[in-house]
Structure formats: C-alpha cells, structure tokens
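Working notes, structure below.
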There are 2 protein chains.
Amino acid sequence: MLSNTHIAVNSPPPARECQRCLNCAVRNKTLCASISDERLAILSALGRRWRVSAGQVVTWAGDANSHCANVISGALKVSASTADGREQIVGLLFAGDFLGQLFVNEASLTVTALTDTDLCAFPRADFERALASYPRMERLLLERTMASLHEAQERMLSLGRKDARERVADFLLDLARRTGMCGAAGEIRVLIPISRGEMAGFLGLTIETISRQLTRLKSDRVIDFSRGERECVILNSAVLEAIVNPA
Amino acid sequence: MLSNTHIAVNSPPPARECQRCLNCAVRNKTLCASISDERLAILSALGRRWRVSAGQVVTWAGDANSHCANVISGALKVSASTADGREQIVGLLFAGDFLGQLFVNEASLTVTALTDTDLCAFPRADFERALASYPRMERLLLERTMASLHEAQERMLSLGRKDARERVADFLLDLARRTGMCGAAGEIRVLIPISRGEMAGFLGLTIETISRQLTRLKSDRVIDFSRGERECVILNSAVLEAIVNPA
DNA sequence: CTGGGGTTTTGATCTGGATCAAGGCCCGGC
DNA sequence: GCCGGGCCTTGATCCAGATCAAAACCCCAG
C-alpha cells in the first residue's frame, strides 16, 4: 500500500536516530507509515525506545497523561477499573498499535505489559504538535480511532447482551480471523495471546466461567488444546459461527 | 472559545443556503464551529436539511453507509444488534452531535430518532473530502472521536463489571452533571430524555430491573418523581455518589 | 526426583437479574 | 364518561454465572 522501503542514496547521511526509524520493524504498521522518510527523521528525534518487561505498568489511570507511544513488539492490556478494584480490559495492543490518549491531561486507563514489550515513546505535547504538521498521519490516526470506536461498540454489544458461550466463541473466532493458521485437515490453529484470567478481564466474566466454557467446547469437539492451554485448535469453526450468529 | 458570530458586511450577498448555515442554531456546537464563514458556504452547499419524526430509523445496520449528518435538534439512539434481535444502545445523540461512521462502506449500527429530529445531512464521500480540506474540522472530529472512545471505554467497564444499582446511579449522575438544574433546596432536577425501555437498552439491563432500581432509590428517599416518570429529582446525590464509588 | 508457587480445572452453592405474568396509570379518541 | 393502547410497576419464579472451595496440572529450582 505504501512504498516506504526506499532509502535515498544521495541525501546527507541520516542521523543514527533516523536510521533507527527507517529500519524499524513495524515502520509500515504504525502511524509512521503515513509520513515521508524526511519527516520521519524529525519525528524520530522526539521519540525514545522504551523496553518494558512483562507485568510492568506503563501508565496508571489517574496519573498525568504525559506520553504516548507506538508499540514495536510485545503485547499490552488497556484496562479501566472501579475504585474497589474490579477491572475491565477495554483493549489489547500489539506490534504497530498506537498507545495513549490524546488531548486529555489525566490518563483514565491503566496500561500494563502482558509480555516483554518494546515501545517507541513520545512526549504527548510533542506528538500532538507533530500531528498538526503531518496531515496524513492525523488522518491515519483518525481512521484508527474510528476503527477502535467501532470495536468498542461491538464489545458493548457483547458485554451488555451476549452470554458467556457467545462471548467466548466471539473471542476465538476473532483471534482466528486475525492470527489463525490453517492446518493440514482444515482445522485452524490459534495462539491465545493471554491467560484465562486476562480473557475473563476482557470478556467481562470470571476465570472459572472462561474455563468451563472452554472445556465445554472441548468436550463438544469444537476446539482442542493438544499442545498446552495457549494453543487452541479450532476443529469445527461452523459450530463457533453458529454460536456467534444464533437463529 | 471560537468567534464565529461575525458576518462580513462587505462580501457578496451569501446564497440562501449559506445564510441558513450562518444562522444555524447549533452552528457553534457542531463540527462547523471549526470553520470560517466563507468555507461554511462551501460546506453548506453539500448539506441538506432532513426532518425525521420520532421512531423513524435514519440508518439501518447493514445498509450502504452513504450519509453522515450534524444533529440540529432532537435526540437519537445509536444501537448495535445481534442477529436474533437483542439490542444494545451504544450511544445517544443530541443537538450539535455528529452522526455517522466514516471510512467504511457498510453501516454497522442502526440510528433511530427518539424524538422528532432535524438533521443537516451530507453525502459521506463529500464530507470526507471536505474534512481533508479543513484541517481544523478534521482535528475537531478527531478530538470528538477520541472523546466518544473514552465514553465507550467507561461504558465497557459499566457493562462488564458493574451491577444494576451502580449502572443506574452512574446514569443519573451523568445526566445530572450534563443537564441537571439545581432547585431551591439543594436538590437537583433532571429531565430523563429517554423511556425506561431505552434506559434498559442503554445500560444492558431489562425494563423491569430499571424500574425496580428506580423505585428502590425512590423508597430510599434518594430520588423522587413528583412530576411524572421523566422528571427525576435527585434528593440526595451523596448517596448516588457513594453507590458509584463504592469503598 | 522432589517441592512449591502459579495457573487451570472442577465441584458445590448462592444470588442478581432475567423471565413470565398481572395489574396500574395516563392520555387521547370517541 | 368510557374504552383501548402505550408505558410503567410489582410480584413470583428461574437460571446463568458469580462465589467459595479444592484438586489437578505444570513448570522450574534445588
């Protein structure tokens, strides 16, 4: 879609920082995909790499909202919580995703690394200014924000109106669509990127309910976990589709 | 915040269309607040007034996504539905709000007028083009979209983790904050803009549960409905706050 | 091989809200 | 005034999923 692998050979040698961005593994999956190599150099100067280890909190709800970032690698959860500690995961972030809220001074969400994670972080104020200078990046961010909103709307339907069986089936099919690998015999192999507890946090259920729904699907021969609890094999996606789309 | 009430006296007489926009009652509450009078004329030519009566559907999920609009007056619900007819209201729209999804070809949400409503509708393609030409409008839309996303995240927490009592208290306090009028004796008067059924659709509950929670709050002397079911008087907002923010 | 912490599964019980079923209330039309 | 149709409330019952409790599993470290 975007031809951004080209590197001009006759321009002045780019700063080391800039080189780093040009070689970035997720260059064309992040918002940076929308800007030219030259402008990337400017943006590059604003960002810094940040390695976060699994379980570490990147942002606490309630803290000053000072930074935003591109996710280089790893996985994070974005969650909202009640004062007494109930947690709802409102989103998951993977390589290429944009992390952070803009235009507000206090973070309302807690972001936690699920795995060791690399970020490319920017001071929020700088990033907002940069947005104004790079219309294509702003447009891309608008498109992504709208897509997130759309996802959030689907999840409201799930959380408000669907039962546990439907939510779990939704989740598995979603994963399969996004990252599923087809196996030899028409089965689909899916790596579940999160624990049962996180699935529960994401789907608005408890750990026990998740487990029971999964074992039910397993005994119904719809899915299987031959190689560990994280490696789900979808044996019969038609059944999952039927659960998701009831008569 | 924006000085947009000025009308140039030495310019050529504006077209009738343009005049209509300059006099628009919600001019500085909509996205149009971000553009100059001259540019408003251009946008004006793209839009047309559209009156929708209560109960009418403006957009069906699944239909071609051909239009978007500013809400001039009235109220609408935006809802997502399952194939078998369960409905979750994902948002409410009032005067000044922007209606519509951008950048997608098929509408995924159904929009229905709750009251008689006036819209200022644009062909989506035209509006998207206009956005690219009016950076300040695009920025304002980005800010609003982010605000909607934030709202959606709060609602996911509600739908996924809060009980009926908390959801109802949340809803009432939200209304009070937005539209509440303080009465003589410190009480807050709130006009509930939707029916019990719509509250249920919004909060992910049933009509009966809404009713029971409200009568419980009433018998606890926290609220009252002296003048009809739509006119709620909050007698003791401290109790509502305590429900919303449990220990 | 053994022990111990974390995760997942399984079992037993409880409960908040859904569902099913009447009424009550209000308003407009006749 | 009386009837009819929306809403809204109230009551009785049921059940999906939460909660409480205990095994089972799964690694690694020692």
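Every value quoted in this text rests on a predicted model; they were computed, and no experiment measured them. In what follows, every chain begins at residue 1, and chains take the letters A, B, ... in the order their sequences are listed.
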Next on the checklist: Tell me whether A:R196 contacts the main-chain N or O of A:S211 through its side chain, where contact means a donor paired with an acceptor under 3.5 Å.
Outcome noted: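 Side chain of A:R196 to backbone of A:S211: no pair is present.
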
Next on the checklist: Using a 3.5 Å distance criterion without hydrogens, assess whether the side chain of B:R161 forms a donor-acceptor pair with backbone atoms of A:L205.
Outcome noted: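 Checked: pair present.
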
Does a nitrogen or oxygen in the side chain of [X] sit under 4.0 Å from OP1 or OP2 of [N]?
X	N	value
B:T215	D:dT9	no
B:T209	C:dG17	no
B:T206	C:dG17	no

Item to check | A:Q101 versus A:S108, side-chain donor and acceptor atoms under 3.5 Å | outcome: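 The criterion, which ignores hydrogens and geometry beyond distance, is satisfied for A:Q101 and A:S108.
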
Next on the checklist: I'd like to check the salt bridge (charged side-chain N to carboxylate O under 4.0 Å, His left out) partners of B:D220; sequence neighbours left out, ordered by chain and number.
Outcome noted: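 Applying salt bridge (charged side-chain N to carboxylate O under 4.0 Å, His left out) to B:D220 gives B:R165.
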
Which atoms of nucleotides 11-15 of chain C (N or O only) lie under 3.5 Å from a protein N or O atom, and what are those distances?
unit_1	atom_1	unit_2	atom_2	d
C:dG11	N7	A:R212	NH1	2.9
C:dG11	O6	A:R212	NH2	3.2
C:dA12	N6	A:R212	NH2	3.3

Item to check | 5'-most by nearest nucleotide on DNA chain D - B:I194 or A:R165 | outcome: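 The answer here is B:I194.
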
Next on the checklist: I want to verify a distance call: between D:dC26, C:dG17, C:dT10, whose nearest atom is closest to the A:E229 side chain?
Outcome noted: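 Of D:dC26, C:dG17, C:dT10, D:dC26 is nearest to the side chain of A:E229.
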
Item to check | Among D:dC8, C:dT10, D:dG17, the nucleotide that comes nearest once only the side chain of A:S211 is considered | outcome: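 Of D:dC8, C:dT10, D:dG17, C:dT10 is nearest to the side chain of A:S211.
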
Item to check | Pairwise side-chain contact, A:T110 with A:E87, heavy-atom cut-off 4.5 Å (strictly under) | outcome: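 No. Closest side-chain heavy atoms not under 4.5 Å.
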
Measure from [atom1] on [X] to [atom2] on [N] and round the result to the nearest Å.
X	N	atom1	atom2	answer
B:Q213	D:dC8	CD	P	16 Å
B:R230	D:dC8	CZ	P	6 Å
B:E231	D:dC8	CD	C1'	16 Å
B:R227	C:dC26	CZ	P	15 Å
A:I207	D:dA22	CD1	C1'	15 Å
B:R86	D:dA16	CZ	P	13 Å
B:F225	C:dC25	CZ	P	17 Å
B:Q88	C:dA18	CD	C1'	15 Å

Checklist entry - Got a sec, which residues hit ring-ring contact (aromatic ring centres under 6.0 Å, His included) with A:F171, two or more places apart in sequence or on another chain? => result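 A:F171 satisfies ring-ring contact (aromatic ring centres under 6.0 Å, His included) with A:F202 once adjacent residues are dropped.
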
Next on the checklist: Classify B:L205 by what it touches in the nucleic acid, base, sugar-phosphate, or nothing, heavy-atom distance under 4.0 Å.
Outcome noted: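 Result for B:L205 = sugar-phosphate.
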
Item to check | Heavy atoms from other residues, nucleotides or ligands near CZ of A:R227 exceed 12 (cutoff 6.0 Å) | outcome: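 At most 12 heavy atoms, drawn from other residues, nucleotides or ligands, come within 6.0 Å of this atom.
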
